Amino acid sequence: MTTEPTPTPAPKSMDAIMALCKRRGFIFQASDIYGGINGFWDYGPLGAQMKKNLREAWWQDMILNPAWGQKGPNGERVKCVPVETRIIQHPKVWEASGHVGGFNDPMVDDKETKQRFRADHLRGLYTTSIPSEEMTSAVSAVVSSTANPKVNIVPRATVIASTEGEAVEAIKDKKLQKLLGIRSIDEPFTPFPEMSFWRGKVNFGKGTESVTLEVVPIETLKAHASTVPSPFTGKPGHLTEPRQFNLMFSTYIGATATEDDKAYLRPETAQGVFLQFKNVVDSTRVRIPFGIGNTGTSFRNEVTPRNFTFRSREFEQAELEFFCHPSESVEWYKFWRDFRMNWWKSIGLAGDNLILREHDKDELSHYSQGTSDVEYRFPFTSPGFGELEGIAHRGDYDLTQHQKHSGTKLDYFDTTRGERLPNGSKKGERYIPHCIEPAAGLDRGVLALLCEAYTVDASRPSPELLKLHPRIAPIKAAVFPLMDKDGMPEVAEKLYDELFAKFGKTGFIEMDAKQSIGKRYARMDEAGCPFCFTIDQETLTAQTVTVRDRDTGKQERIGLDKVGAYLGEKLGA
RNA sequence: GCGGGCGUAACUCAGUGGUAGAGUUUCUGCCUUCCAAGCAGAAUGUCGAGGGUUCGAAUCCCUUCGCCCGCUCCA
């Protein structure tokens, strides 16, 4: 999908947003009084309620009334059920899911310059005894196949690049050449036909030599860490062996806590769903296609937690695993992708800051037939975007993996499929369902909603406000007696009681009589409260109040007895 | 992990070796009022933490923690 280049508005000030979040009690640093703890954030009163509103909206629109009651590609109402699964599961779960082994790529550090790079990005210049002219694909195939010779050959120089082409570009730089001990490049590098290396001619100081440029195998780095030259200095002996950074948090189960009791905190909630797939099918009258939803906390030991709450080490996900027949999976994938985009729009992220980005083919996991991200242009990613939710077509990968590792059958017997039998019923079909996974980050959602809602309008008496969608706003309404006397507080109290009884389940209802009316409006603007109802002199005589709209500042006068209905309509409650 | 910036009242910040400050906020009065209004008064500090130098440290030095930016990374 190509996106039209949209004019990028000046990003909002993240500092100002963070200051407001702290000032008004949306988000605090975790363990603040101890100096904080890197990568962890707490929610204050308004933030906690706001996040709950977001979670409830998800639950409402994904579990109780999935996709707003829309019909799916099969022409029927979408059916979903919830589960609540644990943060800690059997350690083997994470071996099956692949998180323990290959969660991330091995990294190498240069001990001298302290720089770190991905081991598989290291390209080496190898001098060969075979002159460039004589190198044919037949010769190179023989050379490559003889006991993986490159493992035991140390490159003359190294450079960091994700492709050979990039590496060639990089070593055009004279300064880098000098660093790596390259006198001159005597023949430009060109790709060698049908092989994964490039060749050229280089002078390392002993005259022109034929060289190949190719990936330095990780095995070479392990076996010859002390002699492989650094890509930063050209000096050998400063690179560490490739190290696997495990992003999983580990813990120990039981009071004795030995290595045998090691367990992991989940890096995603999805696996809990796959583990209970069979139990849900067996205990609930659900039939494929259907979804299982799960919200909860996950943990990842991010290398660099940063950007406020965007990349936290502890975060909450709201994930749906939607199971369907393989033949319908692509249709369901498109259905959920489009619905999730519309859903984020419906709660206030409408506009150019939200995009749906389809992953390129080479970005996809080997098992996936499609993945899209719902991405938001955060102030700190602008003009780029940051991921809010990933919608992935996971195929039958997860159920197959767990079936293999657990030894438990996880297939599904579909009685609506197969040829029709003489008695009228279907023969049935046994298969492992495919799974479509819309996985949303609730903390990232809250952050995006806050960033989108944050508005500075210098023409207003109160320039800073949060234009939060009424469904998400933690404070739903405020009641103000214009003056703290003449019977107004008593009327306000009564109205407050009424609104509290009707809407107190959805969020806070506030009452405030302190200070000037302007300050009270300003306070509510900053907290994102969409509506303020003010009791004035006229209320006492004509039984009407003013409603002030947060976004426009406009006021209208409505009957005191109509306030409940008015607010109910606006909140969609 | 590297480099740069920052850390002083609830908030925004001033304070380059000599008694910790301003504005806002909050609170108490008064005023009585539809947009951070006015007047008077009051409250609020382990100067991020630890150590050192000094007669004396918010200030200089070392260590450490956290936040922001860039690099790096991002199943």
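Fair warning: this is a prediction, and the values are worked out from it, not measured in the lab. Below, chains carry the letters A, B, ... as their sequence lines are ordered, and counting in each starts from 1.
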Identify all pairs in which a protein N or O lies below 3.5 Å from an N or O of nucleotides 47-49 of chain B, and state each distance.
none

Look for any protein N or O under 3.5 Å of an N or O in nucleotides 40-46 of chain B and output each such pair with its distance, or none.
none

Protein-nucleic acid N or O pairs under 3.5 Å, nucleotides 24-26 of chain B:
from  : atom 1 : to     : atom 2 : distance (Å)
B:U25 : OP1    : A:K519 : NZ     : 2.8
B:U26 : OP1    : A:Q515 : OE1    : 2.9
B:U26 : OP1    : A:R523 : NH1    : 2.8
B:U26 : OP2    : A:Q515 : OE1    : 3.3
B:U26 : OP2    : A:Q515 : NE2    : 2.6

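Comparing the same atom, C1', in B:C13 and in B:C47 gives a spacing of 13 Å after rounding to whole Å. When the C1' atom is compared between B:C6 and B:U59, the two are found 16 Å apart, to the nearest whole Å. Nucleotides B:C71 and B:C61, compared at atom C1', are 29 Å apart to the nearest Å. With both ends at atom P, the span from B:G70 to B:U19 equals 41 Å, rounded to whole Å. Taking atom C1' on both B:G7 and B:G45, the two are 15 Å apart, rounded to the nearest angstrom. Taking atom C1' on both nucleotides, B:A40 is separated from B:A49 by 41 Å, rounded to a whole Å. The same atom, C1', is picked in B:C69 and in B:U53; the two are 33 Å apart, to the nearest Å. Between the P atoms of B:C11 and B:U72, the separation comes to 35 Å (whole Å).
Between A:K485 and A:A522, the residue anchored nearer the 5' end of RNA chain B, judged by the nucleotide with its closest heavy atom, is A:K485. When the nearest nucleotides of RNA chain B are assigned to A:P305 and A:A19 by heavy-atom distance, the more 5′-ward of the two goes with A:A19.
The side chain of A:E268 has B:A75 as its nearest neighbour among B:A75, B:C34, B:C11. With B:C35, B:U12, B:A36 as the choices, the nucleotide that has an atom nearest any side-chain atom of A:I517 turns out to be B:C35. In this structure, the nucleotide among B:C73, B:U12, B:C34 sitting nearest to the side chain of A:H121 is B:C73. In this structure, the nucleotide among B:U32, B:A36, B:G66 sitting nearest to the side chain of A:Q29 is B:G66. The side chain of A:M483 approaches B:U32 more closely than any other nucleotide in the set B:A75, B:U32, B:A36. Nearest nucleotide to the side chain of A:W41, out of B:C35, B:C67, B:A36: B:C67. Of the candidate nucleotides B:U33, B:C73, B:C35, B:C73 has the atom nearest to the side chain of A:R311.
Remark: P of B:U64 and CD1 of A:I37 are 18 Å apart, rounded to the nearest angstrom. Atom P of nucleotide B:C67 and atom CE of A:M18 are separated by 9 Å, given to the nearest angstrom. The distance from atom CZ of A:F315 to atom P of B:A75 is 12 Å, rounded to the nearest whole Å. Rounded to whole angstrom, the span from the CZ atom of A:F480 across to the P atom of B:U32 amounts to 22 Å. Distance, A:I27 CD1 to B:C11 C1': 17 Å, rounded to whole Å. A:R24 has its CZ atom 11 Å from the C1' atom of B:A36, to the nearest Å. When rounded to the nearest whole Å, the span between CZ of A:F380 and P of B:C67 equals 14 Å. The nearest whole Å value for the distance from the CG atom in A:N38 to the P atom in B:G7 is 19 Å.
Taking the ring centre of A:F310 as origin, the terminal cationic atom of A:R444 falls inside the region bounded by 6.0 Å and 45° from the ring axis. Figure legend: cation-pi geometry between A:R337 and A:Y333, with NZ or CZ positioned under 6.0 Å from the six-membered ring centre and within 45° of its axis.
Between A:N307 and B:C67 there is no side-chain N or O to OP1 or OP2 distance below 4.0 Å. For A:K22, no side-chain nitrogen or oxygen approaches OP1 or OP2 of B:A10 to under 4.0 Å.
Ring geometry, A:F531 versus A:Y566: the interplanar angle exceeds 60°, so the pair is classed perpendicular (tilted spans 30 to 60°). Between A:F322 and A:W332, the two ring planes are tilted [angle within 30° to 60°].
A donor N or O paired with an acceptor N or O is found under 3.5 Å between the base of B:C34 and the side-chain atoms of A:D536. Under 3.5 Å, the side chain of A:E526 and the base of B:A36 form at least one donor-acceptor pair of N or O atoms. In this model, no side-chain donor or acceptor of A:R306 finds a partner on the base of B:C68 within 3.5 Å. Applying the 3.5 Å distance criterion, the base of B:A10 shares no donor-acceptor pair with the side chain of A:R23.
The main-chain N or O of A:I355 is never found under 3.5 Å from a side-chain atom of A:Y376 such that the two would form a donor-acceptor pair. Side-chain atoms of A:R377 never come within 3.5 Å of backbone atoms of A:G386 as a donor-acceptor pair (strictly under, hydrogens ignored).
Nucleotide B:G45: unpaired (no Watson-Crick or G-U wobble partner with both distances less than 3.5 Å). Base-pair partner of B:U16: not found among the strands shown (Watson-Crick or G-U wobble, both distances under 3.5 Å). Of all nucleotides present, only B:C71 satisfies the Watson-Crick or G-U wobble test against B:G1, with each distance under 3.5 Å. If you check B:A58 for Watson-Crick or wobble pairing at under 3.5 angstrom, you find it has no partner at all. Taking a pair to require two hydrogen-bonding distances under 3.5 Å in either a Watson-Crick or a G-U wobble arrangement, B:G23 pairs with B:C11. Pairing for B:A36 is absent, judged as Watson-Crick or G-U wobble with the two contacts each under 3.5 Å.
For A:D457 and A:T455, the side-chain atoms include no donor-acceptor pair closer than 3.5 Å. A:E464 and A:Y454 share a donor-acceptor pair across their side chains, judged by distance under 3.5 Å alone. Inspection of the A:Q515 and A:R523 side chains reveals an N or O donor paired with an N or O acceptor under 3.5 Å.
As judged by a 4.0 angstrom heavy-atom cut-off over every strand, A:G39 is placed among residues touching the sugar-phosphate backbone only. At a threshold of 4.0 angstrom between heavy atoms, the contacts of A:F308 are confined to the sugar-phosphate backbone, with no base atom among them.
In this structure, the side chains of A:L450 and A:I27 come closer than 4.5 Å at one or more pairs of heavy atoms. Inter-residue side-chain proximity for A:Y521 and A:C532 is flagged as met; some heavy-atom pair is nearer than 4.5 Å.
Using a 4.0 Å cut-off between charged nitrogen and carboxylate oxygen, A:K514 and A:D484 do not count as a salt-bridge pair.
In terms of the ring pair (Phe, Tyr, Trp, His ring centres under 6.0 Å) criterion, A:F508 has no residue partners (sequence neighbours excluded). Evaluation of the salt bridge (Lys or Arg N to Asp or Glu O under 4.0 Å) rule for A:E375 yields A:R357 as partners, not counting sequence neighbours.
Among pairs with a residue in residues 312-321 of chain A, those fulfilling salt bridge (Lys or Arg N to Asp or Glu O under 4.0 Å) read A:K51-A:E316, A:R55-A:E316, at least two apart in sequence or across chains.
Between A:F249 and A:Y264, the distance separating the two ring centers is not shorter than 6.0 angstrom.
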